[in-house]
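Quick notes on the structure that follows.
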Amino acid sequence: MPKIVSARVIVTCPGRNFVTLRIECDDGTTGLGDATLNGRELSVASYLTDHVIPCLIGRDAHRIEDIWQYLYKGAYWRRGPVTMTAIAAVDMALWDIKGKVAGLPVYQLLGGAVRDGCMVYAHANGTSIEDTIAEAIRHRDRGYRAIRLQCGVPGLASTYGVAKAGQRYEPADGDLPTEAVWSTEKYMRIVPQLFAAAREALGWDIHLLHDIHHRLTPIEAGRLGRDLEPYRPFWLEDATPAENQDAFRLIRQHTTAPLAVGEVFNSIWDCKTLIETQSIDYIRATIVHAGGITHLRRIAALAELYQVRTGCHGATDLSPVTMAAALHFGLSVPNFGIQEHMPHTAETDAVFPHGYRFADGMMHPGDAPGLGVDIDEDLAATYEYKRAFLPVNRLEDGTLWSW
Ligand code: GCO
Ligand code: MG
């Protein structure tokens, strides 16, 4: 049995911050786990270094479930993004180790592939409808079968999901939180126009997605859903803040647009009511923020009972280690729906060499033992941590709003 002899946290910033846990065993096997919590990175680094790593030393790395239970129940202070991201990092690293010891890719340990690959969606964004459609066409020509559309809102200086001119979209954009201005009225007018233009230009053989980013009230979301129904959206994401799970029942009364929720969830308890009341169609909880592969499988099993499918978060703040873990999970879980894919920069890919690949709109984790991702620690050390915050949002009268 591989015994854990050491573990350490690696913080690096190849263009954006990533926190990675590396666990080492007495037989020389090592495992990697992503511990990145965008805008709150160092709190997870400290949680791991100060409170988790000392408890791991000497344990049998094969006892993944027992270590999960130990860290979850043993903390006493259950759940929360910091705790669950830290547990996720340990969980991923242990699956990586188990795969390497077995000589098998992690998806084989999870029951084997139940599909040829994981359908992924790309991001098309632009300040105007025309720019957004042009970007969507480029993604389609690269082979994507599903594309998320976000465009600038006329009358607002900046909009969620839309990059500043000439830059990649990266939400954590300030040394202190930048402030954006929001208008639901202006937004609600442009999105149906964007979808109408997209269907006109792209036809009907491609899935179109949209992220509302928690900004509407339930009844506004119902109206937007209705307005978009003629264009058959694949999903509307995070229509309203999900702390009030009953809100989604209200949205459902007004639209048949499929609903996706959950990138900020961190445990099965956040998902329970939404799934059991069949108020959503896709659950977006992720490996890194929802307790790792072990816990996400449990969420997926609950969702499967209600025909809710997975649609894991996969923005660039989730490191290549999470991307790999998500693909092993997605390849093996029966109720997979879709996986978000925002490619990382060349700098990030160089720090995290990996075996996953994209072809024909699908991704595959590869067949290397474990997760199939490594970290170049010397290169990582050349990129120093840089404080970066997610923005905040205010209404035009100054009221703080959901970002
Ligand atoms: C998405 C997300 C992201 C998040 C970001 C926060 O659907 O990809 O909404 O853009 O805002 O990952 O860290
Ligand atoms: Mg989102």
Side-chain angles (χ1 to χ4, degrees), residues 13 15-19 34-44 81-82 84-85 88 120-125 135 139 144 146-151 158-164 167-174 177-178 180 182 187 191 207-216 221 224 233-242 248 258-266 270-271 274 280-290 310-323 326 337-345 348 386-393 401-403:
C13 186
R16 65 156 359 280
N17 292 316
F18 293 108
V19 178
D34 181 18
T36 310
L37 183 62
N38 207 6
R40 295 290 185 272
E41 294 87 356
L42 299 184
S43 49
V44 186
V82 175
M84 297 305 281
T85 301
V120 292
Y121 69 90
H123 283 212
N125 60 59
E135 180 73 357
H139 286 310
Y144 285 97
I147 301 175
R148 186 185 98 156
L149 303 172
Q150 308 290 140
C151 73
S158 64
T159 311
Y160 161 75
V162 179
K164 295 193 186 94
Q167 291 175 23
R168 287 166 69 98
Y169 177 66
E170 201 49 84
D173 62 355
T178 53
W182 177 248
Y187 165 77
V191 183
H207 298 303
L208 300 179
L209 295 73
H210 182 68
D211 188 355
I212 301 171
H213 225 252
H214 327 274
R215 290 170 186 205
L216 299 181
L224 184 65
F234 182 90
W235 79 29
L236 298 186
E237 177 185 337
D238 288 338
T240 193
F248 286 82
L259 301 174
V261 176
E263 68 181 42
V264 302
F265 290 178
N266 49 68
D270 297 328
C271 315
L274 285 169
I280 56 169
D281 302 280
Y282 294 92
I283 183 71
R284 279 182 52 71
T286 57
I287 305 266
V288 61
H289 300 137
T310 64
C312 295
H313 186 201
T316 41
D317 44 298
L318 286 70
S319 93
V321 181
T322 289
M323 192 66 206
I338 198 165
Q339 167 67 46
E340 182 175 8
H341 180 223
M342 274 179 92
H344 290 104
T345 59
T348 298
K386 192 162 171 269
R387 192 174 72 189
F389 280 96
L390 292 169
V392 297
N393 219 10
W401 202 244
S402 299
W403 181 72

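When a ligand or atom number is given, it counts from 1 through the structure's own listing order.
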Using the Mg ion (ligand 2) as the vertex, how large is the angle between OE1 of E263 and OD2 of D211, rounded to 10 degrees?
180°

closest protein heavy atom to atom 4 (C) of ligand 1 is E263 OE2, 3.5 Å

Looking only at protein heavy atoms, which one is nearest to atom 11 (O) of ligand 1, and how far off is it?
H213 NE2, 2.9 Å

Please report which non-hydrogen protein atom sits nearest to atom 8 (O) of ligand 1, along with the residue it belongs to and the distance in Å to one decimal place.
E340 OE2, 2.5 Å

Please write down residue, atom name and distance for the protein heavy atom closest to atom 12 (O) of ligand 1.
D317 OD1, 2.8 Å

Touching ligand 1 at all, E237? Heavy atoms, strictly under 4.0 Å?
yes

Going by distance alone, is a donor N or O of one side chain under 3.5 Å from an acceptor N or O of the other, for E263 and H289?
no

Give a yes or no on whether the backbone of I287 and the side-chain of H313 come within a donor-acceptor separation of less than 3.5 Å.
no

Donor-acceptor contact present, side-chain D281 to main-chain A260, <3.5 Å
no

If we ignore hydrogens and angles and just use 3.5 Å, is the side chain of E237 paired with the main-chain N or O of L209 as donor and acceptor?
no

Under 2.8 Å from the Mg ion (ligand 2), is there an N/O/S atom belonging to E237?
yes

At what distance is the nearest protein heavy atom to atom 10 (O) of ligand 1, and which residue and atom is it?
Y160 OH, 3.0 Å

Can you tell me if R284 uses its side chain to pair, donor with acceptor, with the backbone of G311 under 3.5 Å?
yes

Does a donor on one side chain and an acceptor on the other come within less than 3.5 Å for E170 and T316?
yes

Is there a polar contact, in the sense of an N or O pair closer than 3.5 Å, between Y121 and ligand 1?
no

At under 4.0 Å between heavy atoms, is it the side chain or the backbone of H313 that contacts ligand 1, or both, or neither?
side chain

Do any nitrogen or oxygen atoms of W403 lie less than 3.5 angstrom from nitrogen or oxygen atoms of ligand 1?
no

Give the atoms of ligand 1, by number and element, whose distance to some non-hydrogen atom of R284 is under 4.0 Å.
1 (C), 7 (O)

Close N or O approach (H123, ligand 1; < 3.5 Å):
no

T36 side chain to V19 backbone, donor-acceptor under 3.5 Å
yes

Does NZ or CZ of R16 lie under 6.0 Å from the centre of the six-membered ring of F18, at an angle within 45° of the ring axis?
yes

Give a yes or no on whether W403 atom CH2 has more than 12 heavy-atom contacts from other residues, nucleotides or ligands under 6.0 Å away.
yes

I'd like to check whether Y169 has a polar contact with ligand 1, where a contact means an N/O of the residue lying under 3.5 Å from an N/O of the ligand.
no

With heavy atoms under 4.0 Å as the rule, classify the contact between R16 and ligand 1 as side chain, backbone, both or neither.
neither

Any side-chain to backbone donor/acceptor pair from T310 onto C312? Under 3.5 Å, distance only.
no

Note: ligand 1 atoms sitting under 4.0 Å from heavy atoms of R148 are 1 (C), 7 (O), 8 (O)

